Amino acid sequence: MNSPEVAYAEAMELIYKILLVVHLVSWAIVIGSWLTHVRPPIVVNGVFHGALAALVTGILMVGIASSSDAVHDPNNTKIAVKLAIAIAVTFLAWLGQKRGNQVEPGVAHAVGGLAVVNVAIAVLW
């Protein structure tokens with residue numbers, strides 16, 4: 001029979017993995033939407049929602065990883081860089097969503113480009 005500590009650790013690991021899936025799908029929404037709207041460069045509503053979901057799930061994952069022994073401790077420097085980029089992407093997506101088809105091309109491309117950078121940091125760092 002499993003002890004309460006083992007059951008707790010397994011639950012935290014499962015929650016972490018579910019959040020990771022939602023996090024990755026959220027970034028896929030941002031990058032996929034950007035790639036499908038390169039010409040003309042616009043920011044569709046789903047981009048903001050995907051960026052916000054990625055930001056929130058990322059914060060939750062760091063909280064679980066920091067407080068649970070079931071998941072490895074995060075690299076805080078890496079997390080700080082990723083958080084800054086995620087906040088920038090979310091803000092730019094919100095700004096682009098408000099402006100609709102009138103968004104500057106630089107804003108639309110910054111959203112997608114920074115999202116790709118954030119994923120690359122996650123994988124390569």
Side-chain angles (χ1 to χ4, degrees):
M1 182 176 247
N2 286 344
S3 70
E5 293 83 18
V6 172
Y8 176 79
E10 289 174 352
M12 286 295 104
E13 186 176 7
L14 177 62
I15 292 169
Y16 182 87
K17 288 179 181 180
I18 291 169
L19 287 171
L20 178 60
V21 169
V22 174
H23 187 71
L24 294 173
V25 169
S26 299
W27 282 125
I29 289 168
V30 174
I31 295 169
S33 296
W34 169 60
L35 289 174
T36 58
H37 294 91
V38 170
R39 293 208 190 270
I42 62 172
V43 179
V44 295
N45 291 341
V47 174
F48 170 68
H49 296 110
L52 185 60
L55 177 64
V56 170
T57 56
I59 291 168
L60 292 173
M61 287 176 9
V62 170
I64 289 173
S66 297
S67 65
S68 174
D69 291 336
V71 183
H72 63 16
D73 289 334
N75 176 339
N76 290 326
T77 306
K78 174 181 172 179
I79 295 304
V81 171
K82 288 179 55 56
L83 177 62
I85 293 171
I87 290 171
V89 170
T90 304
F91 174 74
L92 290 171
W94 172 77
L95 188 66
Q97 175 184 326
K98 285 185 63 117
R99 294 187 181 166
N101 292 341
Q102 304 301 322
V103 68
E104 295 83 9
V107 171
H109 294 310
V111 168
L114 286 172
V116 170
V117 168
N118 215 2
V119 171
I121 289 171
V123 174
L124 300 174
W125 184 340

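Remember, it's a predicted structure, so these values are computed and weren't measured experimentally.
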query = Do Ser68 side-chain atoms and Ala65 backbone N/O form a donor-acceptor pair below 3.5 Å?
reply = no
task = Answer yes or no: are there more than 12 heavy-atom neighbours, outside Asp73 itself, under 6.0 Å from its atom CG?
result = yes
request  = Give me the ring orientation class for Trp94 and Phe91: parallel if the planes are under 30° apart, tilted from 30 to 60°, perpendicular past 60°.
outcome  = tilted
message = Hydrophobic clustering (ILVMFWY, side-chain heavy atoms < 4.5 Å, transitive) - are Val107 and Leu35 grouped together?
response = yes
request  = Write down the atom of Pro41, the atom of Val103, and the distance for their closest heavy-atom approach.
outcome  = O-CG1, 3.5 Å
Distance (rounded to the nearest 0.5 Å) between Leu55 CG and Lys82 NZ = 10.5 Å
message = So Trp27 and Val116, do their side chains get closer than 4.5 Å, heavy atoms only?
response = no
ask   = Taking side chain as C-beta onward, heavy atoms only, is His109 less than 4.5 Å from Val38?
value = yes
inquiry  = Please say yes or no: joined through hydrophobic side-chain contacts below 4.5 Å, possibly via intermediate residues, are Ile79 and Leu114 part of one cluster?
reply    = no
Donor-acceptor contact below 3.5 Å, side chain Thr36 vs main chain Ser33 = yes
query = Just how far is it from atom CD1 of Ile85 to atom CD1 of Ile121, taken to the nearest 0.5 Å?
reply = 3.5 Å
key: Any donor-acceptor pair under 3.5 Å from Lys78 side chain to Ala122 backbone   = yes
ask   = So do the side chains of Val43 and Leu95 get within less than 4.5 Å of each other, counting heavy atoms only?
value = no
ask   = Same cluster or not: are Val44 and Val25 linked, directly or through other Ile, Leu, Val, Met, Phe, Trp or Tyr residues, by side-chain heavy atoms under 4.5 angstrom apart?
value = no
ask   = Hey, what do you get for CG (Asp69) to CD (Glu5), rounding to the nearest 0.5 Å?
value = 10.5 Å
query = What pair of heavy atoms forms the shortest contact from Asn75 to Thr77, and how long is it?
reply = OD1-N, 3.1 Å
remark   = For Val30 and Ala115 the tightest heavy-atom approach is CG1-CB, 3.7 Å
key: Side chain to side chain, Asn118 and Val89, heavy atoms closer than 4.5 Å   = no
remark   = So CD of Gln97 and CG of Asn45: to nearest 0.5 Å the spacing works out to 4.5 Å
task = Compare all side-chain heavy atoms of Phe48 with those of Thr90 and state whether any distance is below 4.5 angstrom.
result = yes
ask   = Do the non-hydrogen side-chain atoms of Leu60 and Tyr16 ever get within less than 4.5 Å of each other?
value = no
key: same_hphob_cluster(Val119, Val62) at 4.5 Å side-chain heavy-atom cutoff   = no
inquiry  = Is any side-chain heavy atom of Val47 closer than 4.5 Å to one of Ile29?
reply    = no
query = Is the backbone N or O of Ala54 less than 3.5 Å from a side-chain atom of His23, with the two atoms forming a donor-acceptor pair by type?
reply = yes
key: Heavy-atom check, side chain of Leu83 versus side chain of Ile59, under 4.5 Å   = yes
inquiry  = Just verifying a value: how many Å separate Leu24 CG and Leu19 CG, rounded to the nearest 0.5 Å?
reply    = 11.0 Å
request  = Nearest 0.5 Å please: distance from the CD atom of Gln102 over to the CD1 atom of Ile42.
outcome  = 10.5 Å
ask   = Between Ile31 and Val22, is there a shared hydrophobic cluster once you connect ILVMFWY residues whose side-chain heavy atoms come closer than 4.5 Å?
value = no
